[in-house]
Structure formats: C-alpha cells, structure tokens
**Q** 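Questions regarding the structure given below will be posed in turn.
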Amino acid sequence: MSGANVRTQKRGEEMKEKLDSAINVVKKIFDWIFKYRYWIAIIIFILCIIFELSGSSIGAWGTFIQTDQTDDGVIFGKSREIRSDEWAVLTPMTFSQSFDGFNYFSSIIRADKTDVAMVYALPIMNFIQIFRPFQLGYLFLGIAKGLSFFWYGRFIALFLIMIELFMLLTKKNKVLSVIGAFLITLAPIVQWWFAVNGIAEIFIFGGLAIILLHKYMNTDSLKKRCLYLFFLYICAGGYLLVLYPAWQIPMFFIFLAIAIWVIVQNRKNCKMNYNDFISIGITILAFVLTMGYIFYNSFDTIKAVMGTVYPGSRAETGGGVGTYFFQYPMNIFLPFKEAGLLTNLSESSVVFGLFPIGIILTCIVLFKEKKKDLLLILLSILYIIFSVWCIWGFPEILAKLTLLSNSQAKRAFLAVGVLDVLLLIRSLSLMEKPLKRIPSIIISVVLTILMVFMCEKNNHEYVTLKMGIAMGIMLIYLFYMALRYKAKYANICFSAGIIFVMLMSGLTVNPVRKGVDNIYNSNIIKKVQEINNNENGIWIVEELGFPIGNYILMAGVPVINSSNTYPDLERWQKIDTESKYEDIYNRYSHISIKIRNNDNMPAEKFELLGPDYMNVYLTPEEIKSLDVKYIFTVNNLEDYNTDNIKFEKIYEYNSYRIYELLSE
C-alpha cells in the first residue's frame with residue numbers, strides 16, 4: 001500500500017474515531033435527559049407557569065381592535081389570526097368564566113344561561129373538572145397562569161405520554177419512542193389545532209389508557225389495580241367529554257386495536273379474582289353514574305345542539321380526500337407561508353407520517369422477515385379501512401354501522417396519518433436488517449419524485465420550485481435513512497432528520513407569549529369593566545361584528561352577541577314572532593347586530609352570511625325589548641334617539657363609543 005493510501009486510511013480511521021466519540025457524548029446526554037425526563041418536565045412546567053408563558057394567539061386582537069396597548073406579549077413566533085376559534089372564541093370564553101364564579105351555566109356568554117360544561121368545555125367549579133385536569137390552573141392560579149397551565153400542561157403531558165406509549169410499542173426502544181413522541185406531539189395538525197376540539201386530550205387520554213391497561217395486566221397488587229382503574233375512569237371520562245366525534249371515533253378504533261394487542265400479549269400475566277371483578281364493576285358503575293349526571297344536567301343543551309341547522313346531526317359517507325396522502329411534505333412550510341393554499345393553514349395541516357414508508361417497512365417485516373406481528377396486522381387492517389373511507393367513502397348504512405358517519409373524511413384523515421406513524425415506528429423496532437443500499441436508493445428516489453410531483457400537482461399555486469427542491473432533499477434523506485435504519489449511523493441520521501423537520505413544521509406554529517397584559521391593560525377593557533362595575537347590565541356590540549363581541553366578553557360583562565355556541569331561540573323569537581327566520585338563527589353562530597330605524601330597515605331582519613355567521617337588524621325598540629343597557633359601537637347612535645329611547649354616549653376612544661340606553 002502506498003504512503004498516500006496509508007495516510008488516507010489513517011485519516012479515515014481518525015475521523016471515524018472522532019465521530020464515534022461525538023456520538024457517544026450525544027448518547028450519554030440523551031440517556032441522562034431520558035432518565036430524568038419527568039423531573040426536567042416538572043421544572044420546565046413550573047417555569048412556564050411562573051413566567052406566564054403560553055402558546056395562545058391572543059396577540060392577534062391588535063389587528064382587530066385599536067387600544068393603547070402596542071405590545072402583544074409575543075416572545076417568539078407570531079400570533080396566528082387563522083386560529084380565531086382559539087384566540088377569538090375559546091380563550092375569551094374561558095377568561096369570562098373567572099368573572100362568573102366558574103359556574104356550570106354561564107350568565108355572561110350570550111348574556112343568558114349558557115351551558116359551558118358540555119359546549120366548549122370551559123373551566124367550572126364542579127367535580128367533573130377531574131376529566132379536564134388541564135383547566136384546573138384557571139380555578140386556582142388566575143387567568144394568566146391558568147392559560148400557561150392549560151397550554152404547556154397539555155404539551156408536556158402529551159409528549160411524555162407518547163414516549164411511554166411508544167416504549168410499549170417498541171419494546172422499550174428509547175430512541176424510537178422519542179421519535180414517535182416528536183411525530184405525534186409536533187404533528188402539524190396537532191399544533192395547528194392544539195387548543196381546540198380536544199385534539200391533545202384525545203391523544204393524552206387515549207394513550208394513557210393503553211399504558212394503564214398494560215400496567216393493570218402486569219401487577220397482582222389490588223391497591224395498584226384500583227389506582228389504575230381510577231385513572232382509567234378519568235381517561236374514559238376525559239376522552240368521552242372531548243365531544244368532537246369527527247376525531248374521537250377514528251382515533252378510538254386505533255386505541256382499541258392497540259388495547260386488543262395489549263390484552264392478547266399480556267393475557268397470561270393477568271390473574272383475575274373476585275376482588276378484581278368487584279373493583280371493575282364499581283368503576284364501571286361510577287363512570288355510568290357520572291356520565292348520567294353530566295348528560296342529565298346538559299340534556300337541554302344536547303337537545304338544542306342536535307336540533308340546530310348547523311352543526312346539527314351529521315350523516316357523512318366519506319370520500320374525496322385522496323390528495324391528502326401527498327400533502328404532508330409541504331407542511332414544513334405552513335408556519336412560514338400561506339399565499340397560494342387552496343384552503344387555510346389549519347385545514348392544510350396533516351400528520352407528518354412519511355407515507356408510504358411505514359407501509360413498505362410493514363410489508364418487509366410481515367412478508368420478507370415473516371414475522372406474524374398482531375399489532376402490525378391490526379393497524380394494517382385499520383389503515384385499509386380508513387384509506388377507503390377517506391378516498392372513496394362507504395355506503396350510508398356501513399358508515400352508520402361503523403359510526404364514521406359522524407366523521408368527515410378530512411377529519412378522519414388524522415387517523416390515517418397516525419397509523420402511518422405507528423406502522424413506521426413499530427416496523428422499525430421489529431426489523432432485523434436494513435434494506436440493501438441500492439434498493440433503498442431506488443425506492444427513495446422513485447417515492448420522492450412521486451410525492452413531490454403529487455404535492456406540487458395538488459398545490460401548484462403554493463409549491464414553488466425552491467420548495468419542491470427542498471421537499472425532495474428532505475424526503476429522499478428521510479426515506480433512505482428509514483429504509484437503512486438498522487445500518488450503522490442510519491438510526492442517528494434518521495432521528496436527527498425527524499427532529500429537525502418536526503421542530504420546523506410543528507414547534508414554530510404557535511407563538512411563545514408572556515402573560516395577558518395586552519388584554520387586561522387595555523384602556524377599552526378597563527373602561528368596560530369600570531362601567532359595568534358601577535351599574536351592571538346587558539351589552540351588545542353594534543355593527544363591528546365578529547370577533548369584537550368576544551373581546552368585551554373578556555371584561556366579564558354579559559354580551560348578547562358574543563359567539564352563540566348554541567341558539568337562544570327564546571330571545572330571537574321575541575323579534576321573529578312568526579319564526580320566519582328560525583333556520584337562520586337556529587345554529588352555532590357569530591352574530592353581528594346592526595341598529596336601524598323602521599324607515600331604513602332591510603327587507604330581511606336576519607341575514608345568513610355563512611354557516612356560522614349572521615347579521616341581525618334591530619330597531620331601538622327591539623334593542624330595548626332585549627333588556628340591553630350598554631352598546632359598544634363605532635356609530636353615532638344619537639341619530640336613533642326617539643321620544644321614548646335615548647342613546648347617551650358615556651365613553652369614546654378613537655372611533656369606538658360606548659352608549660347607555662335610557663328609556664322613559
């Protein structure tokens with residue numbers, strides 16, 4: 001061997017030694033963090049609460065209302081206006097509860113008795129709050145710290161529970177478990193919808209229930225089993241009370257499949273006796289009684305919601321979202337670019353599941369390596385079922401029998417993405433050998449070309465050439481490293497790639513903000529509170545429309561046209577005595593009230609602007625009949641004074657005015 005070759009070989013060996021040394025250092029750090037993950041999580045959680053950090057987009061209010069507050073409180077990232085169901089609906093309603101004693105029925109929202117335990121699941125001072133533990137901060141820590149408790153309590157719990165769930169699915173493979181936790185917790189769809197519709201709670205309670213089931217079956221201690229049953233009781237209630245069947249039902253089938261696998265795998269370890277059956281019976285009875293209490297209290301609410309025109313009861317048959325399979329590659333760009341999307345950012349988000357690599361690896365494990373893995377088989381069956389539902393749909397009778405009639409295909413696609421992740425992680429944990437280098441390259445290149453082509457084809461106004469190239473590099477790298485996962489260094493490269501992608505596509509979605517000063521130091525909120533404290537009364541927001549009706553709701557004042565989570569039929573029938581417009585107001589609705597005299601009243605008093613948005617035109621006399629005392633507006637209401645009704649301006653800031661309605 002020549003001297004040059006010897007030197008080259010020596011340098012190569014030195015580089016390999018340095019690389020191995022660096023990897024060992026990283027491994028030691030990883031092992032230390034993993035070992036103390038719960039203590040680290042507790043410290044981070046406490047610090048988040050102390051510094052009042054959250055991921056809320058309430059800074060977006062600055063775009064819709066002008067106050068003297070210029071600091072929106074954002075430390076990192078930016079408020080997402082598109083997440084109006086969080087910052088403009090859920091969060092204001094939640095804040096309003098602190099002014100109403102955290103009652104089961106709010107007197108502030110809609111300015112009428114409003115069930116907040118069943119609809120939007122707001123914090124209440126009631127024992128059923130045990131099923132919504134992440135709202136407990138509002139009850140004891142105040143608004144700002146309660147908001148922090150809600151946001152980061154759920155985030156940290158979700159990440160930790162997903163680690164434990166994947167530890168179960170991967171036979172305690174720590175690296176794969178962390179990767180699985182990243183793929184679920186920071187999944188774009190999870191982060192874009194993080195605060196609403198209970199998406200985090202579905203994974204938290206569903207995942208924890210599987211972990212508890214496993215622990216229950218692997219202990220003979222009655223005390224431990226009773227403890228596990230108690231927490232299973234909480235998980236069952238928490239999952240059920242998410243009350244968003246579009247995601248609950250598909251995800252339930254996934255958790256059921258995993259539960260069946262856990263039971264089959266551990267059936268020989270589980271010895272049951274008389275005391276166990278009694279404790280299970282007591283738990284089931286307690287759950288039935290608790291749910292009975294809740295549904296009894298909220299019976300009228302459930303009846304009202306089911307009887308609405310929107311959302312009402314649904315009968316979906318699925319189909320039409322086959323393009324979603326090719327959507328995940330562009331999700332890495334959603335936090336940074338919106339222009340060109342066919343729909344909004346939230347609706348464009350899916351799970352970053354590396355389709356179809358999980359399917360390919362599953363086939364390798366089941367057919368090439370001939371492993372009869374029950375979990376992979378069950379998950380594969382579900383994958384076929386949900387794929388058919390999302391692409392073509394079911395006949396109506398089958399849709400109802402499977403309960404998928406309650407889940408739109410675009411919502412059920414969450415389950416497809418989750419199955420992609422589960423198949424990927426499970427198959428990687430079972431694979432014995434990496435796919436050979438050349439087949440891995442060919443498969444990665446072909447799949448990357450296909451994925452980028454389909455993604456660009458379905459989103460050609462969004463995906464630019466540079467984005468296509470970036471997606472191609474990302475996919476070919478991840479596909480190849482996944483196929484070669486069992487080769488030396490490939491697992492490290494794959495893990496690093498996944499973590500980077502998930503940080504970019506998930507962690508950058510929601511802002512990191514401090515406190516709620518942009519709301520409660522606002523001169524408008526302070527003035528509304530001052531006026532209402534002097535003499536309380538019912539408010540309306542006139543002409544300004546959504547979301548301003550929910551803005552002054554955060555001052556703790558009762559607002560008729562705050563978002564009506566279900567219709568106040570009795571109120572609107574005072575105006576619509578013949579129920580002519582019931583199809584318009586019998587719905588979940590954001591309401592814009594406009595005052596008009598009889599001589600300039602539009603032909604239609606109720607005007608539907610969208611499935612959940614309407615205009616209502618009212619005369620001064622009708623405003624009075626609704627017992628309104630204060631009006632927040634940008635208009636000059638003195639023009640509507642009559643002999644019997646007078647609008648007296650009591651506050652003005654910029655273009656905003658507050659009037660008190662006086663009558664003889």
Side-chain angles (χ1 to χ4, degrees), residues 11-51 53 55 75-77 151-187 190-191 203-204 207-208 211 332 335 352 354 421 424-431 434 473-474 477-478 480-510 512:
R11 282 197 297 269
E13 291 175 354
E14 289 175 352
M15 289 181 63
K16 184 176 178 298
E17 288 178 3
K18 290 180 180 179
L19 179 59
D20 288 339
S21 177
I23 289 173
N24 285 332
V25 171
V26 172
K27 186 178 182 301
K28 287 180 180 179
I29 295 173
F30 172 81
D31 288 339
W32 185 86
I33 293 173
F34 193 90
K35 180 179 180 180
Y36 296 105
R37 63 191 181 278
Y38 286 104
W39 288 109
I40 294 171
I42 290 170
I43 292 170
I44 292 174
F45 184 41
I46 292 172
L47 289 175
C48 286
I49 293 174
I50 289 173
F51 292 104
L53 303 180
I75 299 171
F76 170 80
W151 271 90
Y152 287 113
R154 294 157 74 245
F155 186 94
I156 292 170
L158 175 57
F159 188 74
L160 293 176
I161 287 171
M162 286 300 103
I163 288 178
E164 297 305 322
L165 179 62
F166 281 106
M167 285 283 281
L168 185 61
L169 303 184
T170 63
K171 299 180 180 179
K172 297 187 177 181
N173 185 312
K174 293 186 287 186
V175 173
L176 282 176
S177 298
V178 171
I179 294 306
F182 268 96
L183 285 167
I184 296 298
T185 306
L186 294 180
V190 172
Q191 289 304 310
F203 286 101
I204 290 169
L208 183 57
I211 296 164
I332 194 171
F352 195 97
L354 277 188
V421 173
L424 173 69
I425 300 299
R426 177 67 177 176
S427 58
L428 285 176
S429 71
L430 295 176
M431 276 184 66
I473 295 171
M474 171 186 70
Y477 173 87
L478 292 176
Y480 179 79
M481 292 303 170
L483 294 170
R484 297 280 297 162
Y485 187 80
K486 293 297 181 177
K488 191 171 184 179
Y489 302 133
N491 62 338
I492 296 172
C493 294
F494 177 74
S495 302
I498 287 293
I499 291 173
F500 173 78
V501 169
M502 299 317 298
L503 291 176
M504 293 294 290
S505 61
L507 196 63
T508 55
V509 171
N510 294 301
V512 177

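Everything numeric in this text was worked out from a predicted model, so none of it was measured.
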**Q** State, to 0.1 Å, how close P335 and V509 come at their nearest heavy-atom pair, and which atoms those are.
**A**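 Where P335 meets V509 most closely, the heavy atoms are CG-CG2, 4.0 Å.
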**Q** Could you go through the side chain to side chain contact (heavy atoms under 4.5 Å, CB included) check for F155 and Q191 one step at a time?
**A** CA-CA 9 Å; F155 186 94; Q191 289 304 310; 3.7 Å; yes
**Q** So, do L183 and L424 sit near enough that their side-chain heavy atoms are less than 4.5 Å apart?
**A**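 A side-chain contact exists here, since the closest heavy-atom pair is under 4.5 Å.
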**Q** Below 6.0 angstrom between ring centroids: does that apply to Y480 and F494?
**A**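 For Y480 and F494, the ring centres are not under 6.0 Å apart.
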**Q** Let me confirm one number: the NZ-NZ distance from K16 to K488, rounded to the nearest 0.5 Å.
**A**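 Answer for the NZ-NZ pair, K16 versus K488, is 3.5 Å.
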**Q** For I44 and I156: C-alpha separation, side-chain torsions, deciding distance, then whether side chain to side chain contact (heavy atoms under 4.5 Å, CB included) applies.
**A** CA-CA 9 Å; I44 292 174; I156 292 170; 4.2 Å; yes
**Q** Hey, does L19 have a side-chain heavy atom less than 4.5 Å from the side chain of I23?
**A**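 Counting from C-beta outward, I23 and L19 do come under 4.5 Å.
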**Q** Minimum heavy-atom separation for V190 to T185, with atom names?
**A**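 Distance-wise, the nearest heavy atoms are CG1-O, 3.6 Å.
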**Q** Under a 4.0 Å threshold between the charged nitrogen and the carboxylate oxygen, would D31 count as salt-bridged to K27?
**A**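 A salt bridge is present here (some side-chain N lies under 4.0 Å from a carboxylate O).
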**Q** I'd like to know whether Y152 forms a side chain to side chain contact (heavy atoms under 4.5 Å, CB included) with L53, so could you lay out the CA-CA distance, the side-chain angles of the two residues, the decisive distance to 0.1 Å, and finally the verdict.
**A** CA-CA 8 Å; Y152 287 113; L53 303 180; 3.9 Å; yes
**Q** State which residue, out of K172, K174, R37, fulfils the salt bridge (charged side-chain N to carboxylate O under 4.0 Å, His left out) condition with E164.
**A**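 The single option meeting the salt bridge (charged side-chain N to carboxylate O under 4.0 Å, His left out) with E164 is R37.
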**Q** Minimum heavy-atom separation for G207 to M162, with atom names?
**A**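 In this case the closest contact between G207 and M162 is CA-CE, 4.3 Å.
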**Q** Do the non-hydrogen side-chain atoms of Y38 and L160 ever get within less than 4.5 Å of each other?
**A**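 Yes, their side chains come closer than 4.5 Å.
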**Q** Quick one: closest heavy-atom pair of M431 and K486, and the distance?
**A**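 For M431 versus K486, the nearest heavy atoms are O-CE, 2.7 Å.
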**Q** On a heavy-atom basis, which atom in I163 and which in A181 lie closest, and how many Å separate them?
**A**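 Taking I163 first and A181 second, the nearest heavy atoms are CG1-CB, 3.5 Å.
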**Q** I want to check something: taking the side chain as every heavy atom from C-beta on, are V175 and F30 in contact at a cut-off of under 4.5 Å?
**A**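 The answer is yes; the side chains approach within 4.5 Å.
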**Q** Give a yes or no on this: more than 12 heavy atoms of other residues, nucleotides or ligands lie within 6.0 Å of atom OH of Y489.
**A**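 Check passes, neighbour count above 12.
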**Q** Once rounded to the nearest 0.5 Å, what's the spacing between atom CE of M504 and atom CZ of F352?
**A**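 One gets 11.5 Å once the value is rounded to the nearest 0.5 Å.
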**Q** Kindly assign one of parallel, tilted or perpendicular to the pair Y36 and W32, based on the angle between their ring planes and the thresholds 30° and 60°.
**A**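 Y36 and W32: tilted rings.
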**Q** Is there a side-chain contact between I179 and L428, using heavy atoms and a 4.5 Å cut-off?
**A**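 Sidechains of L428 and I179: no contact.
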**Q** Quick one: pull up CD1 in I184 and CD1 in I425 and give me the separation to the nearest 0.5 Å.
**A**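 The CD1 atom of I184 sits 9.0 Å away from the CD1 atom of I425.
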**Q** Do the non-hydrogen side-chain atoms of W151 and C48 ever get within less than 4.5 Å of each other?
**A**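 Sidechains of C48 and W151: no contact.
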**Q** To the nearest 0.5 Å, what is the distance between CG on L208 and CD1 on I161?
**A**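 CD1 of I161 is found 4.5 Å from CG of L208.
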**Q** Report the distance from atom CG of L165 to atom OG1 of T170, rounding to the nearest 0.5 Å.
**A**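 If we round to the nearest 0.5 Å, L165:CG and T170:OG1 are 9.5 Å apart.
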**Q** What's the shortest heavy-atom distance between M502 and L186, and which atoms?
**A**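 That closest heavy-atom pairing would be CE-O, 3.1 Å.
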**Q** What distance do Y485 atom OH and C493 atom SG have between them, rounded to the nearest 0.5 Å?
**A**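 Between atom OH of Y485 and atom SG of C493 there are 11.0 Å.
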**Q** May I ask you to test the L176-F166 pair for a side-chain heavy-atom distance under 4.5 Å?
**A**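 No, every pair of side-chain atoms sits at 4.5 Å or beyond.
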**Q** Would you find more than 12 non-hydrogen atoms of other residues, nucleotides or ligands less than 6.0 Å from F51 atom CZ?
**A**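 Result for CZ/F51: open.
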**Q** Is there side-chain contact between Y477 and V501, with heavy atoms separated by less than 4.5 Å?
**A**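 In short, these two side chains do not touch, never coming nearer than 4.5 Å.
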